[in-house]
Amino acid sequence: SLGDDRLVDLVATGDEQAIAELYRRHAPACFGLARRLLYDEAAAEEVLHDVMVALWERPGRFDPDRGALRPFLLRLTHGKAVDRLRSESRRSQRERNVAEEFSQISDDIDQEGCLVASCTGCST
């Protein structure tokens, strides 16, 4: 039974068994945090995937001198979940803005009448 530090060293060499063991050990905690923040299991699974891919691709970001692996992974999870919430919030705001613009254009057309000569659907 290897410690997390040694497993991260093995991940850096491309050892798939090491990342699988780290996933087994830490995925439940990371998934639980993501699910609590996002209120969505599918989104939480995506965040967990992103966290594990980040560890796989850049294991050197983890510094055992600064603390244990689990808090490191939970910080990554929190950051990625918050980023996702912010992104969804901005997307929702953009969708509301487009809907408002469309509504305004529709109101303008209703008030002014259709200006397209070949239009057969309008009352003008």
Side-chain angles (χ1 to χ4, degrees):
S1 166
L2 299 174
D4 287 347
D5 299 356
R6 179 66 183 127
L7 288 171
V8 172
D9 290 341
L10 291 171
V11 167
T13 69
D15 187 324
E16 293 178 10
Q17 294 300 319
I19 194 73
E21 177 60 21
L22 290 172
Y23 183 91
R24 185 192 67 72
R25 289 181 188 180
H26 301 290
C30 294
F31 176 76
L33 175 60
R35 189 180 60 212
R36 280 191 302 276
L37 293 170
L38 299 170
Y39 301 103
D40 182 329
E41 285 198 21
E45 288 173 2
E46 290 176 17
V47 166
L48 172 61
H49 177 264
D50 292 347
V51 166
M52 290 298 161
V53 167
L55 180 60
W56 175 255
E57 290 178 343
R58 296 183 5 194
R61 288 184 60 202
F62 169 65
D63 180 359
D65 294 333
R66 296 185 66 195
L69 181 62
R70 181 165 293 195
F72 171 80
L73 293 174
L74 290 173
R75 280 191 307 275
L76 278 178
T77 301
H78 181 268
K80 290 184 181 296
V82 168
D83 288 348
R84 186 179 184 102
L85 286 171
R86 288 178 181 150
S87 175
E88 289 176 2
S89 175
R90 286 190 302 267
R91 180 183 49 80
S92 294
Q93 184 59 48
R94 282 192 307 270
E95 289 174 354
R96 283 190 298 274
N97 291 345
V98 167
E100 286 176 19
E101 288 177 27
F102 181 76
S103 176
Q104 183 61 43
I105 291 169
S106 293
D107 290 346
D108 291 347
I109 289 173
D110 288 344
Q111 289 175 2
E112 295 178 21
C114 184
L115 302 176
V116 178
S118 62
C119 180
T120 59
C122 298
S123 59
T124 57

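Positions are given from 1, in the same order as the sequence printed here. What you see below is based on every heavy atom in this structure, not just the backbone, and it leaves out hydrogens, waters and symmetry mates.
Nearest approach of Leu10 to Ala18, heavy atoms of both residues: CB-CB, 3.7 Å. In terms of heavy-atom proximity, Leu37 sits nearest to Ala81 at CD1-CB, 3.8 Å. Of all heavy-atom pairs between Pro59 and Ala12, the closest is CG-CA, 3.5 Å. Minimum interatomic distance between Trp56 and Asp15 (heavy atoms only, all atoms of both residues): CZ3-O, 3.6 Å.
Of the inter-residue distances, the one linking Leu38 atom CG with Leu85 atom CG reads 5.0 Å to the nearest 0.5 angstrom. To the nearest 0.5 Å, atoms CD (Glu21) and OG (Ser1) are separated by 7.0 Å. Interatomic distance, CZ of Arg36 versus NE2 of His78, reported as 10.5 Å (0.5 Å rounding).
Side-chain contact check for Leu22 versus Leu73: every heavy-atom pair is 4.5 Å or farther apart.
Every residue meeting the side chain to side chain contact (heavy atoms under 4.5 Å, CB included) condition with Asp5, not counting sequence neighbours, appears here in chain and number order: Phe62, Pro64.
In terms of hydrophobic clustering, with Ile, Leu, Val, Met, Phe, Trp and Tyr side chains grouped at heavy-atom distances under 4.5 Å, Leu48 and Val53 are assigned to different clusters.
Listed for the Arg70 side chain is a donor-acceptor partner under 3.5 Å among the backbone atoms of Arg25.
Applying the side chain to side chain donor-acceptor pair (under 3.5 Å) test to every pair with at least one member in residues 37-54, sequence neighbours left out, gives these pairs: Glu46-Arg84.
Taking a 6.0 Å sphere around OH of Tyr23, one finds it holds 12 or fewer heavy atoms contributed by other residues, nucleotides or ligands.
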- Trace of the side-chain contact (heavy atoms from CB on, under 4.5 Å) decision for Asp4 with His26: CA-CA 10 Å; Asp4 287 347; His26 301 290; 2.9 Å; yes

- Between Phe72 and Arg66, is a side-chain contact (heavy atoms from CB on, under 4.5 Å) present by the stated rule, with each step listed? CA-CA 9 Å; Phe72 171 80; Arg66 296 185 66 195; over 6 Å; no

